[in-house]
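This chain uses plain numbering: 1 for the first residue, then up along the sequence. Side chains included, hydrogens not; waters and symmetry mates left out as well; all remaining heavy atoms used. All values derive from a computational prediction rather than experimental measurement.
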Amino acid sequence: MKLTILRGELNEAIQHVSKAVASRTTIPILSGIKIDATYSGVTLTASDTDISIQSFIPLETQSKTVATVTRTGSVVLAAKFFVEIVKKLPNEEVHIEVGDRFQTLITSGATEIQLVGLDPEEFPVLPSIQEDQVVSIAGDLLRDMIRQTVFAVTTNESTPILTGVLWNLQEGTYKFVATDRHRLASRSATVAATDVRFSNIVISGKTLNELAKIVPDQNVLVDIVVADNQVLFKLGNVLFFSRMLDGTYPDTSKIIPQQFKTELVINTKALSDSIDRAYLLSREEKTNIVRLVTLEEGGIEISSSSSELGKVTEQLSVKEMRGEPLRIAFNSKYMLDVLKVIDSEELLIGFNGAMSPIIIRPNDHDRSLHLILPYRTTN
């Protein structure tokens, strides 16, 4: 293999695929990035068996020559070094030549690097996916849906299915749900593919965080292809393969109340700032407990305490308050996680007493919903 390629395009492709490199593996080939050079372009691939990412670099883009392939071929290079060295090469042009036993020479300007390459035949073959079930979604919307749900997955590997986000698509409504049994986040959106349906697709939260990093900032469409146990995301010249998590996701619809004994409409930022201040003391107790009390004269009181540091109390006005008086305690960290991803100026918060789930949703639309279980406290 012998080629010349522009460092900027090569580095961008490396940054995409390196997110799939296995960080800890007993299989040496998975710690590398595979490079395939053909007369149509250069393809980079990385895989940790759960996710695989492939990035294609065409020889020309917008009448600019990006790469010239003199001799076709393939090699696998150690990602740990390859990722760092390409960023630090002195010239824009990078020359890569693979010799006997996959010995690889990389030159740029006066810099010459020799790397020990691995046999590309040992690299895992990417999944073959039939494109029967394809749905397209705007990249910025997909990223928002991930951001507004993925934080609620569990980190406890004893319940693997809950480490992922549940995806359902029915009659043109795309819905994401995540829960760790103490909280729940859901987000829905309308898509054009009314003829495509799937359910119980569960994708690892870690995988979705990596996917969100490479979804383009500009509003481009992402094609999502669902097959037997794989999901493929097509982002321009980047292919992102993800294995689905095995198992059946629990039915969470029954735990979401439809009516409330107490309802508040409140400014999102004001509540977030207040709970953030209360969190400073509550985290010192290692409990994160913050209390909310409705006031007879209207408004609410937010408070938390630390046996060593003291107490913080703050009164907030609300836009609307309906129903019964309320005194409730909850995990302030969980509440702050919700308030960070809410995209509306005002919230509707519903309560059914001190020991029933708290429901938080934007006041101006019903596309997202969050649930937090309260704490049982002695006072």
Side-chain angles (χ1 to χ4, degrees), residues 1-49 51-128 210 213-214 216 232 234-241:
M1 182 179 88
K2 187 176 181 180
L3 65 98
T4 300
I5 190 167
L6 297 182
R7 188 190 63 206
E9 278 76 358
L10 177 60
N11 183 55
E12 183 180 358
I14 289 171
Q15 296 306 314
H16 287 329
V17 302
S18 64
K19 293 174 174 56
V21 173
S23 54
R24 296 174 185 166
T25 179
T26 55
I27 309 169
I29 201 79
L30 294 183
S31 61
I33 293 173
K34 182 183 178 187
I35 306 170
D36 289 295
T38 69
Y39 292 126
S40 60
V42 180
T43 303
L44 274 63
T45 311
S47 177
D48 66 0
T49 68
I51 66 171
S52 303
I53 304 176
Q54 188 171 82
S55 183
F56 177 72
I57 307 169
L59 299 184
E60 292 185 1
T61 56
Q62 297 173 341
S63 65
K64 178 177 77 169
T65 300
V66 173
T68 303
V69 176
T70 309
R71 188 169 67 243
T72 61
S74 303
V75 70
V76 177
L77 299 178
K80 189 175 182 182
F81 190 76
F82 188 49
V83 168
E84 291 302 318
I85 198 62
V86 170
K87 285 192 287 191
K88 296 175 181 178
L89 290 174
N91 280 19
E92 183 57 18
E93 274 198 353
V94 180
H95 307 278
I96 303 174
E97 185 171 358
V98 180
D100 293 339
R101 297 182 181 176
F102 306 106
Q103 293 292 318
T104 303
L105 177 67
I106 300 174
T107 55
S108 178
T111 302
E112 186 176 288
I113 300 146
Q114 290 190 357
L115 291 180
V116 177
L118 298 173
D119 186 351
E121 292 297 319
E122 296 178 14
F123 201 83
V125 178
L126 290 185
S128 177
E210 295 302 333
K213 291 174 187 174
I214 65 172
L232 166 61
K234 301 172 79 170
L235 310 97
N237 287 329
V238 177
L239 302 180
F240 188 113
F241 296 82

Among [options], exactly one meets side-chain contact (heavy atoms from CB on, under 4.5 Å) together with [X]. Which residue is that?
X    : options              : result
F56  : V238, T45, T43, L239 : T43
L77  : V98, T104, I33       : T104
P124 : L30, D48, I27        : L30
Q54  : N237, V17, L126, D36 : L126

[Y] side chain reached by [X] side chain, heavy atoms, under 4.5 Å:
X    : Y   : answer
F240 : I51 : yes
V42  : E9  : no
R7   : N91 : no
V83  : Q15 : yes
S18  : F82 : no

>> Taking CD in E12 as the centre, count heavy atoms belonging to other residues, nucleotides or ligands within less than 6.0 Å. Is the count above 12?
In response: no

>> Within the supplied structure, the quantity of interest is the number of heavy atoms (other residues, nucleotides, ligands) at a distance under 6.0 Å from K19 NZ; does it exceed 12?
In response: yes

If I compare all heavy atoms of [X] with all of [Y], which pair ends up nearest, and what's the gap?
X    : Y    : result
E122 : I29  : O-CG2, 3.8 Å
I113 : F81  : CG2-CE2, 3.8 Å
R71  : Y39  : CA-OH, 4.3 Å
T26  : P28  : O-CD, 3.3 Å
F102 : P120 : CE2-CD, 3.4 Å
P58  : V66  : O-CB, 3.6 Å

[atom1]/[X] to [atom2]/[Y] distance, rounded to the nearest 0.5 angstrom?
X    : Y    : atom1 : atom2 : answer
I35  : I96  : CD1   : CD1   : 5.0 Å
I53  : H16  : CD1   : NE2   : 9.0 Å
H95  : I106 : NE2   : CD1   : 12.0 Å
T68  : E60  : OG1   : CD    : 8.5 Å
L118 : S74  : CG    : OG    : 13.0 Å
I5   : N11  : CD1   : CG    : 10.5 Å

Donor-acceptor contact below 3.5 Å, side chain [X] vs main chain [Y]:
X    : Y    : result
T70  : L3   : no
T65  : A67  : no
Q103 : Q114 : no

